[in-house]
There are 2 protein chains.
Amino acid sequence: MSDSGRRVGRPRADRQRPPSGLPPREELLGAAAALFAERGYAATTTRAVAERAGMRQATMYHYFGGKEELLAELLESTVTPSLELARRLLAEDDRPAERRLWELCRSDVLLLCEGPYNLGALYLLPEVRGERFAVFRRVRAELKECYRRLLARTAAGSALPADGLELRNALLFGLIEGVILIRDSGPPVPAEVFAEATAEAALRIAGGGIAHGRIADGGIADGGGAVAGADA
Amino acid sequence: MSDSGRRVGRPRADRQRPPSGLPPREELLGAAAALFAERGYAATTTRAVAERAGMRQATMYHYFGGKEELLAELLESTVTPSLELARRLLAEDDRPAERRLWELCRSDVLLLCEGPYNLGALYLLPEVRGERFAVFRRVRAELKECYRRLLARTAAGSALPADGLELRNALLFGLIEGVILIRDSGPPVPAEVFAEATAEAALRIAGGGIAHGRIADGGIADGGGAVAGADA
DNA sequence: ATTATCTATAGATCTATAGATAATGC
DNA sequence: ATTATCTATAGATCTATAGATAATGC
């Protein structure tokens, strides 16, 4: 069948690295992910990506239009499975929302931590504001919306006014995305453990008041408002 | 005195922008901060920085050895005041640790949110791993250590084993640093409100078990109250 | 004939230095 | 004399395209 030694097209010049088996597109994506994570997106050259994937710089253009296309595809491929899970969980009306939210958090952290490379840091690149990443941004926004809905179905969440909910959701989502960024700086703990600890932390943020509900309560800020009071 | 029109040296070519009054070094730092935040570090050229500061590209080298030097100085100037506050708080033995941790969180978020530009995103640049940023990394590590000590003096924290404490501290620190990154994506709420909401969320993470660890909740700004009641 | 690669390179940067210039200060 | 700026530019990239080449497929 595949007979890996017999491929169409001019053979590669660099015979160093083992074939890896993956199709060239995937090789390129992997190389890009690794380099973006290591050196940063802007600092990574097309030459570096191609070379790490075992081909010459120009050959990359046979598969991708440039660095941006690589980044866009990487970002979308990270966030899409997460959105799918989120939708599935959102539909499971019979299970408690807290539980589902916990699962979503855990699995998102795991997804980003366990992936071959830490793509989390790419989410926040200034480049991602560009037109080319509109799809990614939309999918990510939808994911965040799923978080919001799950949070709203939570005992604590349902007691919040709309803007309080929004704020709390931003914090929760921020924890998930933020924490992956600094994963390395924590203690060297298995991804599973880390993911569950993060999910639990997320639920605490979600959780109504531990002591009593309100959020930016503090009293300060706007005085008055904030209520949400729930009950004691 | 200063008679701003009469400065030594060849006059600037670009007479467009208003003088701003700041010394050139500061102008450069401000321009760099703005551009790093807008476009990203690697994507910002020395020319862009200099030009925004109102001078020609080459002139920048009169003040800084290059882009990295600008970044190093910006990072250090952000984290240093924070470390100072942390040390001060750590020394205030008479006040409850929960309360002090809350203040530290709040003020860190505020520092990063309110600053002229969102420097938070710079913390995680891959470039920051380089030799040139050793000082910054050390100061930041010391700051994190302060968080850890405060957390350990907390009712909930004191009950944790060492590695559990470490993990929880990583989450807490991650929340603070992570959340500033995504500040914009939340609801448009005043920085004060956002900072307090984040501080409260941080205390929830710090807080012991979900069902019981109460927090320095509602207490506020000062007023000794706040107490985080200990037991159940 | 088709395909996947290669080599070569034009054009567009960007950095960092050299050396000139236009102010004030003495 | 000193200083802060300027202009000019060498050298080092980096991207993206043009066109050649070495396989397989028919």
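Throughout, protein chains are lettered first and strands after them, A, B, ... in sequence-line order, and every chain is numbered starting at 1.
- In this structure, of D:dG25, C:dA23, C:dA20, it is C:dA20 that holds the atom nearest to the side chain of B:Arg10.
- Every side chain to side chain contact (heavy atoms under 4.5 Å, CB included) that B:Leu104 has, sequence neighbours left out, goes to B:Leu85, B:Ala86, B:Leu89, B:Asp108, B:Tyr147, B:Leu150.
- The distance from the OH atom of B:Tyr41 to the CD atom of B:Glu68 is 4.5 Å, given to the nearest 0.5 Å.
- Residue B:Leu29 holds its CG atom at 4.0 Å from CZ of B:Phe64, rounded to the nearest 0.5 Å.
- For residues 52-71 of chain B, proximity to DNA chain C is found at B:Gln57, B:Ala58, B:Tyr61, defined as any non-hydrogen atom under 4.0 angstrom from a strand atom.
- Remark: B:Arg47 CZ is loosely packed, at most 12 non-hydrogen atoms of other residues, nucleotides or ligands lying under 6.0 Å away.
- Checking A:Pro24 against B:Arg47, the closest nucleotide of DNA chain C that is more toward the 5' end is the one next to A:Pro24.
- Atom OG1 of A:Thr46 is separated from atom CG of A:Leu35 by 11.5 Å, given to the nearest 0.5 angstrom.
- Atom CD in A:Glu51 sits about 12 Å away from atom C1' in C:dC6, given to the nearest Å.
- Salt bridge present: B:Arg25 and B:Glu73 bring a charged side-chain N and a carboxylate O closer than 4.0 Å.
- Not one N or O on the side chain of A:Arg149 forms a donor-acceptor pair closer than 3.5 Å with the backbone of A:Glu145.
- DNA chain D contains the following stems of three or more consecutive Watson-Crick or G-U pairs, with both distances under 3.5 Å: C:1-24 with D:1-24.
- The CZ atom of B:Arg39 sits 14 Å away from the C1' atom of C:dT13 (whole-angstrom rounding).
- Considering only side-chain N and O atoms, A:Thr46 lies under 4.0 angstrom from the phosphate OP1 or OP2 of D:dT15.
- Candidate nucleotides D:dA22, D:dT24, D:dT15 were compared by shortest atom distance to the side chain of A:Thr45, and D:dT15 ranks first.
- Separating the CZ atom of B:Arg25 from the C1' atom of D:dA4 is a distance of 15 Å, rounded to the nearest angstrom.
- Distance CD/A:Glu177 to CG/A:Leu143: 7.5 Å, rounded to 0.5 Å.
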